[in-house]
Amino acid sequence: MDNRKAILFSAPSGSGKTTIIKQLSKRYDCFEFSISATSRAPREGEKDGVDYYYISYDDFKTRAAQGDFLEWEEVYQGLCYGTLKSEIERIWNNGHVIVFDVDVMGGKNLKRFFGDAALSIFVMPPSIEVLEQRLRSRGTETEEAIAKRLSRSAIELNEAPSFDVTIVNDDLQTAIDEAVKVIDQFLNQ
Ligand code: ADP
Ligand code: 5GP
């Protein structure tokens, strides 16, 4: 197997991509998560250097100007997220498959960069109503942040056809089984 591969997960916030990636990581020893840099504050339970590299907004902009990022987006006003170029070499040098959890624009940009070396997966919520329920039940965002995330979702959902595969995350186990099928095929080709 050629390990210089990448798997990209994109979806509107609350669709369940972080949950799916965590489950898949238990199954695939070859997976290594690309740790993005962000200017948002850590959520309870999140750790610097594990979930994200947490940096200030000013540091983020300085690093972006220095060209440290392969791609970055101000996903929500004042909240920047980006893929550090150093992550790619770090993970490939470990002989691992890079796993990305990025917003929809980031997913499209990374797919353009990696081409056939990447499998791009769009995680689709069963409906906007369920997406809203999941965002609320996660309990990590303020009402204002939930509203921002939902208004962006409507635009993001239209981008699903740009991805290699769309997986509907209604029943979690079904979604994981579908992901395993396409990932096995991709890793063995
Ligand atoms: P994302 O990373 O796409 O923003 P998360 O993985 O954080 O989304 O999931 C959002 C919330 O929905 C979490 O509370 C998670 O436990 C829940 N969730 C994820 N998938 C499912 C599912 N298939 N059914 C019910 N709840 C789910
Ligand atoms: P959250 O705040 O919920 O962790 O992430 C918000 C959004 O930012 C999600 O859609 C997530 O996938 C996206 N995101 C995380 N890291 C990156 C990144 O490096 N680049 C881009 N473009 N988006 C990212």
Side-chain angles (χ1 to χ4, degrees), residues 6-25 33-48 50-55 57 60 63-64 68-88 91 98-114 118 120-142 144-146 148-157 159-160 162-163 166-179:
I7 302 180
L8 321 169
F9 289 88
S10 294
S13 180
S15 302
K17 57 192 179 317
T18 309
T19 306
I20 291 173
I21 291 170
K22 285 207 167 124
Q23 292 295 321
L24 291 171
S25 298
F33 183 61
S34 167
I35 304 165
S36 299
T38 183
S39 65
R40 96 154 154 68
R43 292 182 185 134
E44 206 181 314
E46 287 183 345
K47 288 197 179 70
D48 185 41
V50 176
D51 299 281
Y52 283 105
Y53 300 113
Y54 299 94
I55 60 178
Y57 185 81
F60 196 106
R63 296 197 65 172
D68 289 358
F69 293 111
L70 186 56
E71 64 77 37
W72 67 274
E73 297 282 331
E74 186 152 349
V75 178
Y76 307 104
Q77 205 191 350
L79 299 184
C80 297
Y81 298 79
T83 303
L84 290 160
K85 290 177 181 166
S86 53
E87 285 291 285
I88 313 306
I91 296 172
I98 313 171
V99 176
F100 291 98
D101 171 344
V102 292
D103 89 308
V104 173
M105 277 313 296
K108 285 176 70 174
N109 288 334
L110 288 172
K111 174 66 186 177
R112 211 171 297 131
F113 175 78
F114 287 106
S120 62
I121 299 177
F122 191 93
V123 179
M124 177 77 88
S127 65
I128 291 269
E129 290 74 23
V130 171
L131 185 69
E132 184 167 356
Q133 274 168 21
R134 286 188 187 162
L135 272 177
R136 278 186 210 291
S137 68
R138 190 170 69 189
T140 51
E141 260 72 35
T142 60
E144 192 195 347
I146 289 174
K148 273 189 195 163
R149 281 168 191 251
L150 284 174
S151 74
R152 192 177 165 96
S153 307
I155 306 157
E156 291 175 327
L157 286 172
E159 298 292 337
S162 313
F163 286 72
T166 296
I167 289 174
V168 178
N169 181 23
D170 188 355
D171 172 65
L172 182 61
Q173 192 54 51
T174 307
I176 290 166
D177 291 346
E178 274 179 42

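No hydrogens, no waters, no symmetry mates; every other heavy atom, side chains included, goes into these values. Numbers here simply count residues along the sequence, with the first being 1. First listed ligand is number 1; within each ligand, the first listed atom is number 1.
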In Å and rounded to the nearest 0.5 Å, what is the [atom1] to [atom2] distance from [X] to [Y]?
X	Y	atom1	atom2	result
Ile121	Asp101	CD1	CG	12.0 Å
Ser127	Leu157	OG	CG	10.0 Å
Asp177	Gln23	CG	CD	11.0 Å

Polar contact flag, side-chain donor to acceptor under 3.5 angstrom, Thr140-Arg138: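 Short answer, yes.
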Distance-only polar pair, side chains of Tyr53 and Glu87, donor-acceptor under 3.5 Å: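 Looking only at side-chain atoms, Glu87 and Tyr53 do form a donor-acceptor pair, the distance falling under 3.5 Å.
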Heavy-atom pair of closest approach, residues Lys111 and Leu8: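 Taking Lys111 first and Leu8 second, the nearest heavy atoms are N-CD1, 3.6 Å.
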Ring geometry between Phe60 and Phe69 (parallel below 30°, tilted from 30 to 60°, perpendicular above 60°): parallel
Enumerate, one pair per line, all nitrogen or oxygen atoms of ligand 1 lying under 3.5 Å from a protein nitrogen or oxygen, stating the separation to 0.1 Å; write 'none' if no such pair exists.
unit_1   : atom_1 : unit_2 : atom_2 : d
ligand 1 : 2 (O)  : Thr18  : N      : 3.0
ligand 1 : 2 (O)  : Thr18  : OG1    : 2.4
ligand 1 : 3 (O)  : Ser15  : N      : 3.3
ligand 1 : 3 (O)  : Gly16  : N      : 3.0
ligand 1 : 3 (O)  : Lys17  : N      : 3.0
ligand 1 : 3 (O)  : Lys17  : NZ     : 3.3
ligand 1 : 4 (O)  : Gly14  : N      : 2.8
ligand 1 : 4 (O)  : Arg138 : NH1    : 2.9
ligand 1 : 6 (O)  : Thr18  : N      : 3.4
ligand 1 : 6 (O)  : Thr19  : N      : 2.9
ligand 1 : 6 (O)  : Thr19  : OG1    : 2.6
ligand 1 : 7 (O)  : Arg138 : NH1    : 2.8
ligand 1 : 8 (O)  : Gly16  : N      : 3.1
ligand 1 : 20 (N) : Asn169 : ND2    : 3.1
ligand 1 : 23 (N) : Asn169 : OD1    : 2.8
ligand 1 : 23 (N) : Asp170 : O      : 2.9
ligand 1 : 23 (N) : Leu172 : N      : 3.4
ligand 1 : 24 (N) : Arg134 : NH2    : 3.2

What's the shortest distance from [atom] to any protein heavy atom, and which residue and atom give it?
atom	result
atom 7 (C) of ligand 2	Val75 CG1, 4.1 Å
atom 9 (C) of ligand 2	Lys17 NZ, 3.8 Å
atom 22 (N) of ligand 2	Asp103 OD1, 2.7 Å
atom 11 (C) of ligand 2	Asp101 OD1, 3.6 Å
atom 5 (O) of ligand 2	Tyr52 OH, 3.3 Å
atom 20 (N) of ligand 2	Glu71 OE2, 2.7 Å

Close-contact set for ligand 2 against Thr83 heavy atoms, below 4.0 Å: 19 (O)
Ser36 N/O to ligand 2 N/O under 3.5 Å: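 There is such a contact, yes.
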N/O separation below 3.5 Å, Glu73 to ligand 2: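 There is no such contact.
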Any Arg40 heavy atom less than 4.0 Å to ligand 2: yes
Student check: side-chain heavy atoms of Phe113 and Thr83 closer than 4.5 Å: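 In short, these two side chains do not touch, never coming nearer than 4.5 Å.
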Expected output: side-chain Thr38 to main-chain Arg40 donor-acceptor under 3.5 Å: yes
Part of Glu141 within contact of ligand 2 (heavy atoms, under 4.0 Å):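 Contact part for Glu141 vs ligand 2: neither.
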Ligand 2 contact on Arg149 by region, counting heavy-atom pairs under 4.0 Å: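 Answer for Arg149: side chain.
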Asp51 and Arg43 ion-paired at < 4.0 Å: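 The answer is no: the pair does not qualify as a salt bridge.
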Any residue meeting side-chain contact (heavy atoms from CB on, under 4.5 Å) with Ile155, in chain and number order, not counting sequence neighbours: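 For Ile155 there are no side-chain contact (heavy atoms from CB on, under 4.5 Å) partners, ignoring immediate neighbours.
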Chi angles and distances behind the side-chain contact (heavy atoms from CB on, under 4.5 Å) call for Leu110, Phe100: CA-CA 9 Å; Leu110 288 172; Phe100 291 98; 3.7 Å; yes
